[in-house]
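Report on the following structure.
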Amino acid sequence: MTQPTSATDRTFQVDLRGLVDLLSHHLYSSPRVYLRELLQNAVDALSARHLHEPGGAPGTYGIRLYADGAVVRVEDDGIGLTEADVHTFLATIGRSSKHAERIAEQRADFIGQFGIGLLSCFLVADEIHVVSRSARTPDAPVVEWQGRGDGSYTVRTLPASARTRPGTTVTLTPRADAGEWTRPGQVHSLARHFGALLRHPVTFDDGSAGPAVPVNPDPAPWSVAYPTPGARSRALAAYGEDVFGFTPLDTIELDLPAVGLKGIACVLPEAVPAGRRHGHRVHVKGMLLSERAEEILPEWAFFVRCVVDAESLRPTASREALYEDDTLAAVRDALTERLRDWIAKAAASDPDLLSRFLQAHHLAVKSLAVHDDEILRMLLPWLPFETTDGHATLDEFARSHRTVLVTSSVEEFRQVAAIASAAGLGVVNGGYTYDRELVHRLPEIRPENTVADLDPETLTAHLDPVDRETELAAGAYLSRARDALAVFDCDVALRSFQPASAPALLVDSREARHERTRSQLAREQEGGLWGDILGALRQEAPRAQLILNQLNPLVRTAVAIDEPELARTSAEALYGQAALLSRRPLRPAESSLINRSFLDLLAHALRKDS
């Protein structure tokens with residue numbers, strides 16, 4: 001029997017406490033990654049053994065976890081370590097500690113690197129015990145490595161009976177403050193979390209009398225053969241619901257053989273705020289890398305959440321995100337194309353699915369259509385818009401209105417919607433993100449339609465003029481109203497339009513208000529060249545227009561008022577009511593006018609009654 005060599009005390013050639021601080025504050029997001037690193041070391045060792053013994057069937061070797069509250073143990077049947085390997089890995093720790101970015105380079109051969117992964121265990125333990133036997137040579141000795149939190153370690157060889165088969169056992173003695181991460185239930189949960197898709201069998205034993213339980217009993221659903229396409233679709237949807245907690249509107253299967261990527265994209269059943277990007281679950285060779293990987297899809301794809309497993313994506317040093325390189329860029333482009341194909345297929349063959357999708361995620365599709373001509377041609381007619389005919393698809397609206405008018409803002413649409421509808425004008429609210437730009441591209445899809453921006457002249461041209469006698473009779477009132485509203489750069493006119501219930505229409509664009517603000521600045525400048533220039537701008541500044549509706553009984557009563565002050569007050573009240581109906585932000589002077597005109601009218605009514 002081989003006798004153990006005398007243990008030799010050695011010391012890490014690094015400041016271990018400083019390095020653990022580096023790992024915990026700058027590399028790893030949580031101490032829980034220690035178990036992922038141990039699992040990863042075991043997976044890499046198994047992968048290396050399969051390369052060394054290519055005849056071995058997959059699943060022949062596995063990983064066994066044990067946690068009873070006193071220790072945490074991970075055992076694998078992998079390639080194992082020699083004494084030289086142990087010292088090499090410790091040297092890796094020393095080199096990597098000098099430059100954190102080198103850690104990723106040290107891990108290039110497989111997914112992980114034994115030394116760095118082992119070091120992560122110091123996040124939860126003060127003592128790590130490793131017993132390993134190499135599979136590379138038949139009579140390889142058993143090697144024991146014992147490391148301590150003070151930076152010291154010992155290495156010695158043990159009798160062959162200490163481990164009869166090749167592989168490695170890592171045992172941790174947790175610190176008292178690490179119970180949150182090392183309790184049996186937590187270890188099992190973490191193993192399921194990180195290793196549910198691992199290709200090697202993993203079992204867990206909590207030290208009780210019961211048998212060890214499988215950690216990853218079920219293969220990834222996309223790797224399973226199903227009897228029918230419907231059964232496959234239902235299984236993928238059920239997996240997506242289990243992972244993400246919602247029932248997908250649909251599931252999109254993802255398969256990129258060039259990088260060994262497989263998985264699914266789950267279409268969210270409800271709308272999400274624009275720009276909110278959900279994290280995606282990314283596994284690399286079965287091991288969970290991240291639940292918040294945003295970089296695998298473009299920003300506009302916020303209507304899906306993905307779970308994928310890939311062979312060739314490169315993790316960052318912490319293995320909690322993906323390294324941005326040409327491979328990742330190619331994967332992102334390929335997945336983008338896959339989402340576009342799904343949208344195209346729904347548009348061509350499943351109008352019910354497309355309708356439900358667009359009802360929830362039309363904003364995402366609009367953002368894509370702005371930059372993607374193919375999606376624009378496919379989906380623009382299907383996209384919903386706010387119009388004077390209510391919410392309608394652009395195709396439905398364009399069939400009813402050969403000339404489509406579009407506003408530049410939401411408030412402009414709200415000002416004119418009722419009057420424009422009554423006048424038979426087809427107006428689309430272009431104030432929402434992407435809408436105005438998309439509506440202007442309608443002729444590319446429907447050449448028989450024309451699109452133009454709505455301007456005040458277009459609207460007022462569709463309002464009926466009043467007869468000359470009515471205009472003359474109202475002249476005194478209109479003059480007083482113009483004087484009252486001159487402070488707002490507002491003209492007053494009398495027209496007839498539907499609906500008769502609308503007493504007045506305030507026609508005023510955001511651009512016009514901007515020009516009047518510049519004009520106001522000109523008034524504040526006295527003399528000099530600058531005053532002359534701004535004075536010229538003031539002369540050209542467009543004015544707002546308050547259009548009174550002769551068909552409205554209240555207006556017909558108002559224009560007949562002889563009392564100057566009451567006429568002025570009524571004009572101010574009509575202006576205030578029209579401004580409120582426009583739903584634009586009121587200026588302080590307008591708010592004051594509304595309050596004052598209301599109180600003056602109330603006082604007049606009370607005096608009359610008394």
So Leu39 and Leu65, side chain to side chain contact (heavy atoms under 4.5 Å, CB included) or not? Walk me through it.
CA-CA 9 Å; Leu39 283 173; Leu65 300 179; 4.0 Å; yes

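- Taken to the nearest 0.5 Å, the CD atom of Glu75 stands 6.5 Å off from the CZ atom of Arg165.
- For the side chain to side chain donor-acceptor pair (under 3.5 Å) with Thr169, the qualifying choice from His129, Arg64, Arg163, Glu144 is Arg163, the only one to do so.
- Of the possible donor and acceptor atoms, none in the side chain of Thr137 sits under 3.5 Å from a partner among the backbone N and O of Asp139.
- Here the closest heavy-atom approach between residue Ala140 and residue Ser134 is recorded as CB-O, 3.5 Å.
- With hydrogens and angles disregarded, no donor-acceptor distance shorter than 3.5 Å links the side chain of Ser233 to the backbone of Pro229.
- Proximity of a side-chain donor or acceptor of Ser355 to a complementary backbone N or O of Pro351 within less than 3.5 Å is not detected.
- Note that OG of Ser120 is 7.5 Å distant from CG of Asn41, once rounded to the nearest 0.5 Å.
- Exactly one residue among Arg199, Arg281, Lys285, Lys262 makes a salt bridge (Lys or Arg N to Asp or Glu O under 4.0 Å) with Asp309. That residue is Arg199.
- Between Cys266 and Thr251 the shortest side-chain heavy-atom distance falls below 4.5 Å.
- For Gln359, the CD atom sits in a loose shell: 12 or fewer heavy atoms of surrounding residues, nucleotides or ligands are nearer than 6.0 Å.
- Contact check for Tyr432 versus Leu363: no side-chain heavy atoms found under the 4.5 Å cut-off.
- Looking only at side-chain heavy atoms (C-beta outward), Leu379 and Ile343 come within less than 4.5 Å of each other.
- Interatomic distance, OG1 of Thr182 versus CG of Asp68, reported as 10.0 Å (0.5 Å rounding).
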side-chain hydrogen bond (donor to acceptor under 3.5 Å, both in side chains) for Thr82 and Asp85? Distances and angles first, verdict last.
CA-CA 5 Å; Thr82 65; Asp85 290 333; 3.1 Å; yes

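- In terms of modelled atom types and a separation under 3.5 Å, the side chain of Arg175 and the main chain of Phe122 share a donor-acceptor contact.
- A donor-acceptor contact shorter than 3.5 Å links the side chain of Glu295 to the backbone of Leu322.
- Looking at Arg377, its side chain never comes within 3.5 Å of a backbone N or O of Ile445 through a donor-acceptor pair.
- Distance CZ/Arg234 to CG/Leu236: 11.0 Å, rounded to 0.5 Å.
- Asp77 has no carboxylate O lying under 4.0 Å from a charged side-chain N of Arg49, or vice versa, which leaves the two without a salt bridge.
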His362 and His391: CA distance, side-chain angles, deciding distance, ring-ring contact (aromatic ring centres under 6.0 Å, His included) verdict:
CA-CA 13 Å; His362 57 86; His391 283 83; 8.8 Å; no

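- Judged purely by atom type and a 3.5 angstrom limit, His361 uses its side chain to pair as donor or acceptor with the backbone of Leu268.
- Inter-residue side-chain proximity for Asn216 and Leu197 is flagged as unmet; no heavy-atom pair is nearer than 4.5 Å.
- Considering all non-hydrogen atoms of both residues, Pro298 and Thr336 come closest at CD-OG1, 3.2 Å.
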Audit row: Val307, Trp222, side chain to side chain contact (heavy atoms under 4.5 Å, CB included) steps and yes/no:
CA-CA 11 Å; Val307 52; Trp222 47 81; 4.2 Å; yes

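- Side chains of Asp126 and Thr173 form no contact here, defined as non-hydrogen atoms less than 4.5 Å apart.
- Panel note: side chain Ser367, backbone Ala364; a donor-acceptor pair is recorded below 3.5 Å.
- Minimum interatomic distance between Tyr34 and Cys121 (heavy atoms only, all atoms of both residues): CB-CA, 4.2 Å.
- Minimum interatomic distance between Thr157 and Pro141 (heavy atoms only, all atoms of both residues): CG2-CB, 4.4 Å.
- Remark: Glu294 CD to Phe302 CZ distance equals 13.0 Å, nearest 0.5 Å.
- Expressed to the nearest 0.5 Å, how far CZ of Arg73 lies from CG of Leu38 amounts to 12.5 Å.
- Between Leu81 and Val143 the shortest side-chain heavy-atom distance does not fall below 4.5 Å.
- No side-chain heavy atom of Leu35 sits less than 4.5 Å from a side-chain heavy atom of Trp181.
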Could you walk me through whether Leu172 and Val74 pass side chain to side chain contact (heavy atoms under 4.5 Å, CB included), step by step?
CA-CA 9 Å; Leu172 308 182; Val74 179; over 6 Å; no

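- Taking the six-membered ring where the residue is Trp, Phe357 and Phe303 present perpendicular rings, their angle passing 60° and hence far from 30°.
- Taking each heavy atom of Leu249 and Pro269 in turn, the nearest pair found is CB-CA, 4.2 Å.
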Glu337 and Arg340: salt bridge (Lys or Arg N to Asp or Glu O under 4.0 Å), yes or no, with the steps?
CA-CA 5 Å; Glu337 190 65 25; Arg340 292 174 69 257; 2.9 Å; yes

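- Summarising the local packing, OH of Tyr226 is surrounded by more than 12 heavy atoms from other residues, nucleotides or ligands at distances under 6.0 Å.
- In this structure, Asp206 contributes its side chain and Pro184 its backbone to no donor-acceptor pair below 3.5 Å.
- The residues Lys345 and Asp341 are annotated as not salt-bridged, no charged nitrogen and carboxylate oxygen being separated by less than 4.0 angstrom.
- Side chains of Glu180 and Gln186: a donor-acceptor N/O pair is absent below 3.5 angstrom, by distance only.
- With respect to Arg356 and Asp350, no salt bridge is recorded, no charged nitrogen being found less than 4.0 Å from a carboxylate O.
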Please evaluate residues Val365 and Trp382 with respect to the criterion side chain to side chain contact (heavy atoms under 4.5 Å, CB included), reporting the C-alpha separation (whole Å), side-chain torsions for both, the decisive distance (0.1 Å), and the verdict.
CA-CA 10 Å; Val365 177; Trp382 295 82; over 6 Å; no

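- In this structure a side-chain-to-backbone donor-acceptor pair under 3.5 Å is present from Ser132 to Gly167.
- Of all heavy-atom pairs between Val142 and Pro159, the closest is CG2-O, 3.6 Å.
- The local environment of CG in Asp177 is crowded, with over 12 non-hydrogen atoms from other residues, nucleotides or ligands closer than 6.0 Å.
- Side chains of Leu383 and Asp435 form no contact here, defined as non-hydrogen atoms less than 4.5 Å apart.
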